[in-house]
Amino acid sequence: MPCNIELRNICQSFQTNDTKVTLFEGLNLTISRGKSYAITGPSGAGKSSLLMLMSGLEEPTSGTGTYVNGEQTKPLPELRSDIGFIFQQFHLLPELTALNNVALPLKLRGDKNAVTKAKHWLEKVGLQHRFDHKPSQLSGGEQQRVAIARALVFEPKFIFADEPTGNLDQKSASEIADILFTCCQENNAGLVAVTHSEVLAERAQHRFSLAEGQLSTQETNILKVASC
Amino acid sequence: MLISNSKLAWHFYQQEFSSSHQRLLRWTQGILLLFIMTLGQTSQSIQAYLNDNLQSLLGADAVLSQSSALTIKQQKELAAITNTIVQTQDIKTTLTHNEHWQRTKLKAVDAQYPLQGQLFTSSSLNDNEVVTQSGPEQGHIWLDARLLAGLSINIGDTLKIANQAFLVARVLHHEPDRLMEGHNVDMRAMINTLDIKSLEFAPELIHYRYLIAGSVSQIKALITWQQENLPASQVHHKQGNHPLALFWKRTENFMGLASVLLFFMAAIAINQLTQVHIKKDQYFSAICMSLGATKSTGIQVSILKWLFGLLLIMPVIVTLSAISHWLIINWLNETFTEIVWQWRLTSMLHSVLAVTTIFAIFHAPVWLSLRNNSVAKLFSNNKQGLSHWLSKLSSLVVLSLVVISYSDNALLTLMMVAAIGFTIVVMILVSWSSLTIGEKLSQSFSGLIPFSLFMMKQRLISKSTQILGVGLCAFLLLFTLMLLKDLGNTMTSYQRQHDGNIIVSQATKPQMQFIENWANEHAIDIRQAKPYMYAKLVAVNSQTLAEFSSKPSDSMATFSHAIRLHWSEVVPKNNKVIDGQWWQNNTENWQQISVEEEVMTDLGLALGDWLTFFIGQQQVKLQIVASHVFQPGAGSITFWVQMPPTALAHIQSAHYSMASIELTQQQETLLPALWQKFPTLRMVSLKEVTERFDSMLAMITKVISGFSLMIIILASVVILASISALESQEKKKNSIIMSFGFTQVTCLKLNVIEWLVTASITAIGAILGTYFSGMLIYQSQFSLKYQPDFIWLSITLAIILSVVTGLGIYASRHSLQSSVKQLMSDT
Ligand SMILES: Nc1ncnc2c1ncn2[C@@H]1O[C@H](COP(=O)(O)OP(=O)(O)O)[C@@H](O)[C@H]1O
Ligand SMILES: [Mg+2]
């Protein structure tokens, strides 16, 4: 059963004062559940804006975005409850313990097994000893692991990660990349990661580069390996 | 360095000028400065006035007053210890001319009058006032200008008093010994002492005053002599207290309390705002430091910025304060005649300096935080741990100290601080326990309410600051409103339902007999008539009254004069005994007395206490055996103290009557004749009484509204400040919730639930706090009986809290305008 996000002929531009900034024009893209995607590109290229469009949080200036789930085709904003986000700054709530941070989306949904599920996910990301630590007592890598667990705990169909390793050293970055890809795979979630990190980008099944309003496909490692 | 820092600070200040944390700080500081400055000016003006007044209007070095003349022997003794003695006599009478009548204070003076100071009169209304060397000659009467107008009489006309003719000779402008009358508005007339004899007023109605000149040591000797020989008389002297000092003391107590409340609210508001200020200034200072500036630059800029903020509001505040002071002085003119507006610069500087220092202490956490700042912290949110609580605690301690030293009633302040402390503890306990229990109980349910409780519990520390801020405001507001309402009610309760439209408050025996006949003759209905005699309370259980109780209260003020003592065999129909036992008929034991309940509590009396009264020329001891209260429905005339009729055989003193009479409109024309016959008959129409109360109520309402307005503005500022302190946290929380796939509607619902929970917790705290402080403060400081009206309290609280919730939700709308996008670009 197909489950896709489809962007067709998307144009996004902003009017600031007198100048009109066009981020991208005539952009076409399909994101499928269960696959992973990496988007690279220089700062200010519009990567984050693209994530917002894909997740239906923002409307494009022109063009259409649709959410295809099996037989049904819905507008993108209806995707809202099926997506999770991971940020460069982690954005955990500082007053809550790791466990409570992860349990948060489930509690909001009224899930009675929130804590059990949250424990399970924290174990999955390797933080079984850190349940009761506050974010301030965790390293950056650990905080990002909590954030990954929090984004996946309510089993969303798609995960959008905006420079998830941007604030981490190389070692943590590759650990995070491991966890992120493995977890999304296991959960059958589509992963879209915006990144500057080669390590991270290389692990994605599909790789795009966004520059000067153009989205171009790049070969990924897997294909390279296959061609060898 | 300083100049460049000032420029930097000025620039920084301008940038922040219209941001909410600066605006709220301006309001807080402005309101408090305005209040303290105006209060300081007014207080100084009144104190100066009272002192001036005492020095210039006593008209003597000491004045001895009592309700009977000194005996020859006493006069001789007095003359032996002092230099000069001048006697004046006062009587309250009603002057009539054609169909006009006016209640008047008639004063008779002897040839030596005035003793000190100057007497001003004029020969006609339009003439200039001139200094006059002595009082009117025999057969002449001088009237003040209002009385001339009130009676429609002219200079040169003849005025008849008790069928004796007087020539209206001069206009009376100013008597130098008017101190005691300074605060009453009676119309005034003056005659010669020799005439008062021929008017044949009942001697016990005449009030005698002796103006005495003497040195400080002679006055001391005089006071000793008076305490031994004339305990029921009153002495005022230049080294002593103004007769209005007690009244003013009470007002100051109230104002002191008001400023304590306002200081607390300002402290809460500033404390909430410092969190925002710390963030902004730390960021700015860290940037400065990353560009090579020193740490002290950051601190200097922050201090200068704060100073600019304060300096900039100063001209506005001074202007507003001068205007308010002027308005208040004008308004006080009714009580303190001839008080003048004057701006006291030193007092102003004093207020400004004191308040600025306090503000600086409140604001100090910002500067302290800059000392611990570093470039490394530029992008990391620095945490507040123990030092956060330490700074809160220290500002609380400083606040208490400041407040204790500021207010001159330490006991009241201590009580208020205790009440506030109690409220804080209650609110901390309630918020902790209710959130814990609520969270535990609701764990098995799903939905937004358990989630809100969970979140609030998790964020207890930051949330409880907000709860405390809002809760203290609700408490202070509720307490103030309750106090003002009850003070207002006390005033109105004096205005009991009258069953007649004319009240005779003092009629001598022959006068009463005449009135009875007169009423019969004209078919006028006398509703009630009750006898009494005048008694001055001098001691309780062999302690003098002053030794026994020093609290200023209404009862106390009244007991410094003679009061009306009633006798009755049975409990009067409009009374009810609530404690002790009324006497048997024809009891042998005549030394018994029943005292009104409010008086008992006011003076701190108990059943079994012995009261010593000075009645007529003798001392009488009576033991309290019962306590009674007024019971409506059977007439309005009631007495504070009552004794068995058998006591009359042992007490020689004049008997008077109080009566209420129902008069039709047409019958009112009969009154002038009655007064012509008995000028000293004390009789007021109900209309007059209600008018007097209406004006008093209007005054109290003005004070209440003015003060409540100030508290309400400050309370709103506190709430806004506490919201703005948490705004960035809230914003982030909302964005994160939205990143889980929820919409703004969910955030709004969560917000509403949170505010409702906050409001309920604060409601409990405010009600308990108000109840506690009522019990603590009412009786001891305002001599009010504390009978909390829980329905009124709940309704008021519900209104306050729905406004709080509404305001809270409205003010948090900024934090609802958050989006996931902000989390992506946010650093
Ligand atoms: N709402 C907006 N209004 C105006 N300009 C915007 C808006 N959102 C993004 N931009 C601009 O679009 C550009 C791309 O932003 P962004 O998507 O954050 O880039 P990236 O994530 O690739 O660094 C930036 O120059 C930014 O200023
Ligand atoms: Mg970006």
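Inspection of the B:Ser728 and B:Lys279 side chains reveals an N or O donor paired with an N or O acceptor under 3.5 Å. Side-chain contact of B:Ser19 with B:Glu16: a donor-acceptor pair under 3.5 Å is absent, judged by distance alone. Counting only N and O atoms by type, the side chains of A:Asn113 and A:Thr116 include no donor and acceptor under 3.5 Å apart.
Proximity to chain A involves both the backbone and the side chain of B:Met738, based on heavy atoms less than 4.5 angstrom apart. Both the backbone and the side chain of A:Phe85 come within less than 4.5 Å of a heavy atom of chain B. For chain B, no part of A:Glu163 is nearby; none of its heavy atoms comes within less than 4.5 Å. Contacts of B:Phe451 with chain A are made by side-chain atoms alone, with heavy-atom separations under 4.5 Å and no backbone atom involved. Interface residue B:Phe742: backbone and side-chain heavy atoms are both found under 4.5 Å from chain A. There is no contact between A:Ser55 and chain B, counting heavy-atom distances below 4.5 Å.
In terms of heavy-atom pairs under 4.5 Å with chain B, the best-connected choice from A:Asp162, A:Asn167, A:Leu51 is A:Asp162. When A:Leu79, A:Leu96, A:Leu57 are compared by the number of non-hydrogen pairs under 4.5 Å with chain B, A:Leu96 comes out ahead.
A salt bridge is defined here as a Lys NZ or Arg NE, NH1 or NH2 lying under 4.0 Å from an Asp or Glu carboxylate O, and B:Glu730 with B:Lys733 meets this definition.
The neighbour count for A:Glu212 CD, taken as heavy atoms of other residues, nucleotides or ligands under 6.0 Å away, does not exceed 12. Around CD of A:Gln170, the count of heavy atoms belonging to other residues, nucleotides or ligands within 6.0 Å does not exceed 12.
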